[in-house]
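Working notes, structure below.
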Protein chains: 2
Amino acid sequence: MAYTKADPGSRRDTIIEAAARQFAKAGYDATTMRDIASLTGMLPGSLYYHFRSKEELFAAVHEEAIQKICDSVVRAIDPAADPWTRLEQAATGYLESMLMHDSVYAGIIVTEFPRRRSRNLREQLIGHRQRFERLFADIVEELPLKDGVDRSYWRLALLGMLAWTYVWYRPGGDPPKVIAQTMVKMLRNDTAQADS
Amino acid sequence: MAYTKADPGSRRDTIIEAAARQFAKAGYDATTMRDIASLTGMLPGSLYYHFRSKEELFAAVHEEAIQKICDSVVRAIDPAADPWTRLEQAATGYLESMLMHDSVYAGIIVTEFPRRRSRNLREQLIGHRQRFERLFADIVEELPLKDGVDRSYWRLALLGMLAWTYVWYRPGGDPPKVIAQTMVKMLRNDTAQADS
DNA sequence: CAAGCAAGCAAACAAGCGTTCGATAAGGAG
DNA sequence: CTCCTTATCGAACGCTTGTTTGCTTGCTTG
């Protein structure tokens with residue numbers, strides 16, 4: 001029986017991880033099946049036993065990336081905390097999975113734009129991403145914001161700030177937690193209801 | 001005598017514009033010299049009379065893109081206005097050059113990541129970008145912010161929010177001016193000094 | 001031990017890539 | 001008329017790409 005998801009340690013999982021590393025470093029187009037094969041110690045043709053095509057491999061990498069990010073976000077959240085705290089925790093989890101060297105997955109969803117891929121692939125990628133975005137949308141929905149504040153804009157603004165850290169962040173800078181707290185705070189006081 | 005910049009209407013300029021359109025649509029790697037040649041009605045080899053390589057052509061496109069964005073930003077600013085107003089105007093100019101269909105240049109600096117290119121090209125691209133970022137840095141420097149607010153974070157947060165609109169914006173949504181004002185306002189009240 | 005399947009190797013394929021190069025037409029300068 | 005430059009064509013070169021195919025190993029199961 002074939003697995004559809006990646007068991008940790010399986011060959012399929014090894015390939016996905018190597019592919020993720022290369023996709024993150026060079027981008028989809030500039031990554032060759034030979035690069036990926038070489039990283040796993042295999043020959044190019046052997047990859048096709050596990051994945052039908054480069055696109056399918058990328059879709060698997062993308063799904064795994066979303067999975068890892070969502071895990072990191074969910075793990076960072078204390079469900080008993082108030083919405084503002086939970087948002088701060090979610091942002092921290094997101095940035096951690098994006099900025100720490102050992103995890104190379106999150107950068108992919110920032111740098112790869114579904115619009116540029118084939119229709120089939122594009123729809124898969126967009127589907128994956130919605131799982132991630134809902135995580136934040138749900139928290140933002142519970143935030144006590146002033147009347148008249150557009151929660152859509154509010155959420156997109158925050159996600160934009162966070163995603164863009166991937167562009168300017170350099171190792172040795174402030175840790176993800178500090179950045180996350182700073183950014184949430186920047187958006188907070190203006191739109192929040194007065195603490196009664 | 002060769003020109004180094006693009007005279008409007010020149011052959012070189014025509015190529016740059018066609019290339020920009022294709023780079024924006026498909027990305028650097030997925031854009032072929034044959035695509036660009038075909039858009040201008042030339043044959044692939046003919047492009048090499050005007051540009052020594054694909055990288056050099058892209059560098060020219062990138063420089064032109066920065067130029068166009070900076071123009072759009074500067075044109076939107078009223079130098080006599082106060083810093084908050086000028087920031088709002090700058091943001092509007094940026095979004096206009098990015099989100100309006102007729103200009104295809106701004107998307108390139110959001111979707112192409114210098115880190116992934118050769119060292120030579122990378123350094124050129126980063127150099128271009130600094131011209132654009134200084135435009136915003138200068139205004140942010142003059143903003144009357146509360147003591148203790150990190151202007152670096154503040155600027156990066158705003159630029160992230162703005163750049164990310166390229167990912168989620170769809171034609172028919174709010175006009176750039178509304179988005180720019182909304183986003184500046186979101187960051188404003190928290191960190192601004194009280195209006196004395 | 002025999003059979004069968006999982007996994008990978010080795011080698012090739014056609015297509016497409018960036019780029020090169022000699023030829024060529026058009027037009028201005030002397 | 002001759003010479004030189006500008007701009008392009010037409011055709012190819014060498015290389016890399018994603019992918020396919022037939023063969024071989026090695027483990028597992030009966």
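Chain naming here is simple, since letters A, B, ... match the order of the sequence lines and numbering starts at 1 in each.
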Side-chain donor-acceptor pair present, A:Asp71, A:Gln67, cut-off under 3.5 Å: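 Present: a donor and an acceptor within the cut-off.
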For the residue pair B:Thr32 / B:Asp35, report whether a side-chain donor-acceptor contact shorter than 3.5 Å exists.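 A pair is found: one side chain offers a donor N or O, the other an acceptor, under 3.5 Å apart.
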Can a side chain N or O of [X] be found less than 4.0 Å away from OP1 or OP2 on [N]?
X: A:Tyr49; N: C:dA7; value: yes
X: B:His50; N: D:dT8; value: yes
X: B:Ser46; N: D:dC9; value: yes

What's the [atom1]-[atom2] distance between [X] and [N], to the nearest Å?
X: B:Glu56; N: C:dT19; atom1: CD; atom2: P; value: 10 Å
X: B:Leu47; N: D:dG10; atom1: CG; atom2: P; value: 14 Å
X: B:Arg117; N: C:dG18; atom1: CZ; atom2: P; value: 12 Å
X: A:Met42; N: D:dT25; atom1: CE; atom2: C1'; value: 14 Å
X: A:Leu43; N: D:dT21; atom1: CG; atom2: P; value: 18 Å
X: B:Arg12; N: D:dT8; atom1: CZ; atom2: P; value: 13 Å
X: B:Gln22; N: C:dG18; atom1: CD; atom2: P; value: 11 Å
X: A:Ile15; N: C:dA7; atom1: CD1; atom2: C1'; value: 10 Å

Donor-acceptor under 3.5 Å (A:Arg131 side chain, A:Glu63 main chain):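 No; zero donor-acceptor contacts below 3.5 Å.
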Backbone N/O of B:Arg117 and side chain of B:Arg122: donor-acceptor pair under 3.5 Å: yes
Any carboxylate oxygen within less than 4.0 angstrom of a Lys/Arg side-chain nitrogen, looking at B:Asp150 and B:Arg155? no
Contacts under 3.5 Å, N or O only, protein and nucleotides 14-19 of chain D:
from, atom 1, to, atom 2, distance (Å)
D:dG18, OP1, A:Thr31, O, 3.2
D:dG18, OP1, A:Lys54, NZ, 2.9
D:dG18, OP2, A:Met33, N, 3.0
D:dG18, N7, A:Arg34, NH1, 2.9
D:dG18, O6, A:Arg34, NH2, 2.9
D:dT19, OP2, A:Tyr48, OH, 2.7
D:dT19, OP2, A:Lys54, N, 2.7
D:dT19, O5', A:Tyr48, OH, 3.3

Apply salt bridge (charged side-chain N to carboxylate O under 4.0 Å, His left out) to B:Arg12 and B:Glu56, showing your working. CA-CA 12 Å; B:Arg12 179 189 164 92; B:Glu56 189 182 295; 5.4 Å; no
Please give the nucleotide sitting opposite D:dG30 as a Watson-Crick or G-U wobble pair, both distances under 3.5 Å, or none.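 C:dC1 - that is the nucleotide pairing with D:dG30, both distances being under 3.5 Å.
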So B:Phe113 and A:Phe113, would you call those rings parallel, tilted or perpendicular, with 30° and 60° as cut-offs?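 B:Phe113 and A:Phe113: parallel rings.
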